[in-house]
S.K.: 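Mind looking over this structure? Questions follow.
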Amino acid sequence: MISSIKPVSPSLTAIGGVRRSAPGKLRFSPLPIIRNFEKPNPFPLQVLSAQNFSNFSVSAAAQRRDVFKVGAYEADRSQPIEIGIEISDEQSRQKVKIGIYFATWWALNVVFNIYNKKVLNAFPYPWLTSTLSLACGSLMMLVSWVTRVAEAPKTDLDFWKTLFPVAVAHTIGHVAATVSMSKVAVSFTHIIKSGEPAFSVLVSRLFLGDTFPLPVYLSLLPIIGGCALAAVTELNFNMIGFMGAMISNLAFVFRNIFSKKGMKGKSVSGMNYYACLSMMSLLIVTPFAIAVEGPQVWAAGWQNAVSEIGPNFVWWVVAQSVFYHLYNQVSYMSLDQISPLTFSVGNTMKRISVIVASIIIFHTPIRPVNALGAAIAILGTFIYSQVE
């Protein structure tokens with residue numbers, strides 16, 4: 001601490017309203033030199049009467065308003081603090097709901113593919129298998145409407161007219177995928193079906209005139225390359241199975257296009273929309289199934305399958321039919337809750353779960369280069385869903 005000696009000149013100091021004179025002499029100050037007397041104090045200490053105290057307070061406050069302004073703040077109580085918590089809870093519930101949709105969708109799809117492949121191994125008639133799947137779903141929804149478990153949709157003639165091309169494409173895609181799985185492994189069918197984005201870009205560009213940014217086109221390279229590598233290295237390659245998966249891709253692309261263009265402004269829920277789609281597809285596929293395979297072939301094949309497998313075969317047919325409808329119904333219901341981008345990512349992850357599960361359950365032989373092709377194709381599909 002630096003001490004200083006400060007001279008104090010004789011002056012009149014107001015202390016308590018009594019005027020005193022200070023003799024001029026040196027005083028010791030333990031503090032640094034502070035020139036308090038060079039600038040006059042704007043607020044001299046005075047003893048005020050109670051009558052003038054309020055006036056002084058107002059004038060002092062006015063003089064210091066340009067220096068300090070202190071205001072009290074009170075939180076607005078018109079909106080309760082719990083609003084922030086409610087928003088957070090709502091977001092959490094939505095995330096949990098989407099997670100349940102995805103988990104249910106993937107699980108139902110895996111179960112369907114397993115039972116569908118078991119049925120086709122014992123009963124290699126994909127047209128009847130496809131017809132039974134659509135018939136089961138249509139029956140389930142009709143019963144739910146009659147019993148008022150689900151509210152029946154309010155439709156008109158225009159609705160069914162716009163639904164018809166969607167149903168045609170859906171029928172072709174469904175039957176083609178079933179034909180594919182009757183000829184090749186489930187994993188191979190889904191590897192080829194992961195190339196659907198390439199068909200989507202191609203059809204949209206050629207028939208609709210849509211243009212896409214460069215990253216979209218670049219994301220198609222690993223999809224096409226991965227599918228080609230998986231096809232070339234497939235141990236049990238079958239051309240009918242390969243073409244069935246490719247036709248299924250093309251048909252489902254047209255189904256999506258027709259669905260987007262025809263269902264704008266239609267107030268039908270995802271569950272009821274798929275129910276109506278199944279019923280119309282059933283009407284379309286039934287005469288073709290009878291013409292291609294026929295009741296006589298079905299009867300002989302059914303008897304042979306029951307004699308080899310036993311009563312469990314009937315349960316396999318029922319299971320694959322029920323789970324086919326359920327997994328498609330859940331996927332359409334999820335579209336009401338999530339964005340198309342999230343749905344695309346979920347569809348990619350679904351294929352991974354089906355491929356892995358089928359390889360484990362059916363002991364499908366797969367070479368490392370074949371697995372590499374599948375991984376590249378699925379990675380490309382994921383990248384496409386991000387840049388689309």
Side-chain angles (χ1 to χ4, degrees), residues 100-101 104-105 107-109 111-113 115-116 119-120 123 125-178 248 251-252 255-256 258-260 262-295 298-299 302 311 313-337:
I100 293 174
Y101 271 125
T104 306
W105 177 23
L108 293 173
N109 190 264
V111 174
F112 158 71
N113 278 277
Y115 279 109
N116 183 247
V119 169
L120 291 172
F123 185 76
Y125 300 102
W127 284 87
L128 178 59
T129 304
S130 303
T131 304
L132 292 176
S133 300
L134 296 171
C136 181
S138 301
L139 179 62
M140 290 170 60
M141 290 307 301
L142 285 174
V143 172
S144 66
W145 290 341
V146 172
T147 58
R148 298 184 182 277
V149 174
E151 184 179 357
K154 298 179 181 180
T155 61
D156 52 16
L157 183 60
D158 290 337
F159 171 83
W160 294 101
K161 285 182 179 179
T162 56
L163 187 65
F164 179 75
V166 183
V168 171
H170 179 74
T171 303
I172 296 173
H174 175 44
V175 174
T178 308
S248 177
F252 283 141
R255 180 195 65 178
N256 296 337
F258 293 148
S259 180
K260 290 179 181 178
M263 298 310 298
K264 288 183 179 179
K266 305 293 183 180
S267 57
V268 178
S269 65
M271 180 179 66
N272 286 333
Y273 177 77
Y274 181 71
C276 296
L277 181 62
S278 296
M279 294 174 187
M280 182 165 281
S281 295
L282 176 63
L283 296 177
I284 295 173
V285 75
T286 300
F288 288 96
I290 295 174
V292 174
E293 294 175 348
W298 294 339
W302 188 275
F313 172 75
V314 179
W315 292 110
W316 290 356
V317 175
V318 173
Q320 72 94 26
S321 302
V322 171
F323 282 107
Y324 172 78
H325 176 78
L326 290 179
Y327 102 77
N328 278 285
Q329 179 176 296
V330 171
S331 69
Y332 272 83
M333 290 172 62
S334 65
L335 278 174
D336 294 336
Q337 305 292 329

S.K.: Does Thr104 have any side chain to side chain donor-acceptor pair (under 3.5 Å) partners at least two apart in sequence or in another chain, and if so, which?
M.R.: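 Partners of Thr104 by the side chain to side chain donor-acceptor pair (under 3.5 Å) criterion come out as none, since no residue qualifies.
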S.K.: Name all pairs fulfilling the side chain to side chain donor-acceptor pair (under 3.5 Å) condition that reach into residues 131-146, sequence neighbours left out, sorted by first residue then second.
M.R.: Ser133-Gln320, Trp145-Asn272
S.K.: Can you sort out the partners of Ser321 under side chain to side chain donor-acceptor pair (under 3.5 Å), two or more places apart, ordered by chain and number?
M.R.: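 If we apply the side chain to side chain donor-acceptor pair (under 3.5 Å) test to Ser321, skipping adjacent residues, there are no hits.
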S.K.: Test of understanding: with ring pair (Phe, Tyr, Trp, His ring centres under 6.0 Å), list the residues that count as partners of Tyr324, not counting sequence neighbours.
M.R.: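 For Tyr324 the ring pair (Phe, Tyr, Trp, His ring centres under 6.0 Å) partners, ignoring immediate neighbours, are Phe112, His174, Tyr327.
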S.K.: By the side chain to side chain donor-acceptor pair (under 3.5 Å) test, which pairs, at least two apart or in different chains, include something from residues 275-286?
M.R.: Thr171-Ser281
S.K.: Got Tyr125 and Val292 here, is their nearest side-chain heavy-atom distance under 4.5 Å?
M.R.: no
S.K.: Just verifying a value: how many Å separate His170 NE2 and Ile284 CD1, rounded to the nearest 0.5 Å?
M.R.: 9.5 Å
S.K.: Would you please name every residue forming a side chain to side chain contact (heavy atoms under 4.5 Å, CB included) with Ala135, sequence neighbours left out?
M.R.: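 Here the qualifying residues are Leu282.
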S.K.: Would you say Met279 and Leu142 make side-chain contact, with heavy atoms under 4.5 Å?
M.R.: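 They are in contact (side-chain heavy atoms under 4.5 Å apart), so the answer is yes.
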S.K.: Apply side chain to side chain donor-acceptor pair (under 3.5 Å) to Trp298 and list each qualifying residue two or more places apart in sequence or on a separate chain.
M.R.: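 Scan of Trp298 (side chain to side chain donor-acceptor pair (under 3.5 Å), adjacent residues dropped) gives Glu293.
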S.K.: My understanding is that only residues two or more places apart in sequence, or in another chain, count here; which of them pass side chain to side chain contact (heavy atoms under 4.5 Å, CB included) with Lys161?
M.R.: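 Expected list: Leu157, Asp158.
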S.K.: Can you name the side chain to side chain contact (heavy atoms under 4.5 Å, CB included) partners of Val143, sequence neighbours left out?
M.R.: Leu139, Thr147
S.K.: Run the side chain to side chain contact (heavy atoms under 4.5 Å, CB included) test against Val111 and tell me which residues pass, sequence neighbours left out.
M.R.: Tyr115, Phe323
S.K.: Parallel, tilted or perpendicular: which one describes the rings of Tyr273 and Phe159, with boundaries at 30° and 60°?
M.R.: perpendicular
S.K.: Do Gln329 and Met141 have side chains that approach each other closer than 4.5 Å (heavy atoms only, starting at C-beta)?
M.R.: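 With C-beta onward as the side chain, the pair touches.
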S.K.: Would you name the heavy atoms of Val322 and Cys136 that are closest together and state the gap between them?
M.R.: CG2-SG, 3.6 Å
